[in-house]
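Notes follow once the structure below has been shown.
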Amino acid sequence: MAVNSTPETPLPVGEVSRLIGGWIDRLGAVWVEGQITQLNRRPGAGVVFLTLRDPSYDISVSVTCFRQVYDDVADVVSEGARVVVLAKPEWYAPRGQLSLRATEIRPVGVGELLARLEQLKKSLAAEGLFAAERKKPLPFLPQLIGLVCGRASAAERDVLENARHRWPAVRFEVRNVPVQGVHAVPQVVRAVKELDALDDVDVIVVARGGGSVEDLLPFSDEQLVRAVAACRTPVVSAIGHEPDTPLLDYVADLRASTPTDAAKKVVPDVGEEYERVRALRDRARRCVESFLQREERGLAHALARPSIEDPHRMIDERADHVASLADRARRTLGHLLDRADSELTHTHARVVALSPAATLRRGYAVLQKADGHVVRSPDEVAAEETLRARVAEGEFVVRVDA
């Protein structure tokens, strides 16, 4: 419930602290999960002081409990352990400090952690964060590699040495962060985001050596998984050894079994690339030489053909044949013309022999009336009728005698 106050009637600090304590008392006992970062067991003291921290966020809260409550789990709970406590929030008004009064502490076992991780894995997979189509391809030859790892760690040395051995010119932008414990998640997330914001970084490698399930828990944190899923730069996960599979492996664009394997997958080997180029060059030379030899054989075969070796041979052969046909045609036409000429001469002779002019030259005459009608019978003329007589050399007039 809101409290009425004005600049003229402000509430005293003590009153505000009292009201806060009243509101907190209403919350009652709650179950709280976190990781123990500090543990203070003073000899002879009846109260144990702990600091409980949320591994995913930069938030801590003080916890107190009676010594007997902690002694029940002292053999399995120490600094760094994940626990679930039943506690009632308390407000210490004189100092304005919030704490939890625990009445029961339960360690979170590995089996329970794995079960929670499996449930989280299914939930994130259902959102599509692990889908293959979201994976971004790695560049063939990255110029600048972002590396997130522990300071002076074996993982950092393995990545740097193997990458530079394979490609000496490669450069790194390294972010050293805690890779286990309560501070790991926020700092790893911050480092990944910083590297992703750099335009020169071509790929990001998150590397850590092997460890227990609890040690690798930060790399299965939901906040880190979502941060990697949101990266525009390809991310390679190189956490632990081959059997270790934190959730980061599923959301990353490429999973490497070890930090050394990450260096081999991210950076090409200069010697292998030179050898591959040499092999490809030799293969190309063999292909070109084989092609040229095949074409040379084809050209030699074509040049050996008679039509190419003596191109005028076909023309000469055809010319003789054409000349032979022309001679044959000429002879045939001459025979035809001679035969036609002979036939024409015989026909002309017969025509001349049978023509009226030839008959007239033999002494015959043709009589015609004045109208040109040829007289064929004596009955066709009358006495004293004038006729025209036509002979071989001309014509003249005759009169019919009674």
- [ ] With sequence neighbours excluded, give me every salt bridge (charged side-chain N to carboxylate O under 4.0 Å, His left out) pair touching residues 92-107.
- [x] E90-R101, E104-R106
Please report the shortest heavy-atom distance between [X] and [Y], naming the atom on each side.
X	Y	result
K136	C231	NZ-O, 3.2 Å
V85	A102	CB-CB, 4.4 Å
D25	P89	OD1-O, 4.3 Å
W31	V84	CE3-CG1, 3.4 Å
T245	R255	CG2-NH2, 3.9 Å

Open item on the list: Check whether T345 reaches the backbone of D341 with its side chain - one donor and one acceptor, N or O, closer than 3.5 Å.
Closed with: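 Yes, the answer is positive, given that a donor and an acceptor are paired below the 3.5 Å cut-off.
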Task: Flag, side chain of R399 to backbone of E385, donor-acceptor distance under 3.5 Å - done: no
Is any side-chain heavy atom of [X] less than 4.5 Å from a side-chain heavy atom of [Y]?
X	Y	value
E33	V83	no
P142	V266	yes
F219	V206	yes
I239	L216	yes
L247	L120	yes
L100	V32	yes

Show every donor-acceptor pair shorter than 3.5 Å between a side-chain atom in residues 143-164 and any protein atom, with sequence neighbours excluded, or say none if there are none.
unit_1, atom_1, unit_2, atom_2, d
Q143, NE2, L141, O, 3.4
S153, OG, G150, O, 2.9
S153, OG, E156, N, 3.2
E156, OE1, A152, N, 3.2
E156, OE1, N176, ND2, 3.3
N162, ND2, D158, O, 2.6

Are [X] and [Y] close enough for a salt bridge, meaning some N to O gap below 4.0 Å?
X	Y	result
R330	D327	yes
K264	D261	no
R276	D269	no

TODO: Establish, from distance only, whether the side-chain atoms of R82 and Q35 form a donor-acceptor pair under 3.5 Å.
DONE: no
Open item on the list: For a quick check under 3.5 Å, do Q180 and R208 share a side-chain donor-acceptor pair by atom type?
Closed with: yes
- [ ] Take atom CZ of R328 as the centre, draw a 6.0 Å sphere, and report whether it contains more than 12 heavy atoms from other residues, nucleotides or ligands.
- [x] no
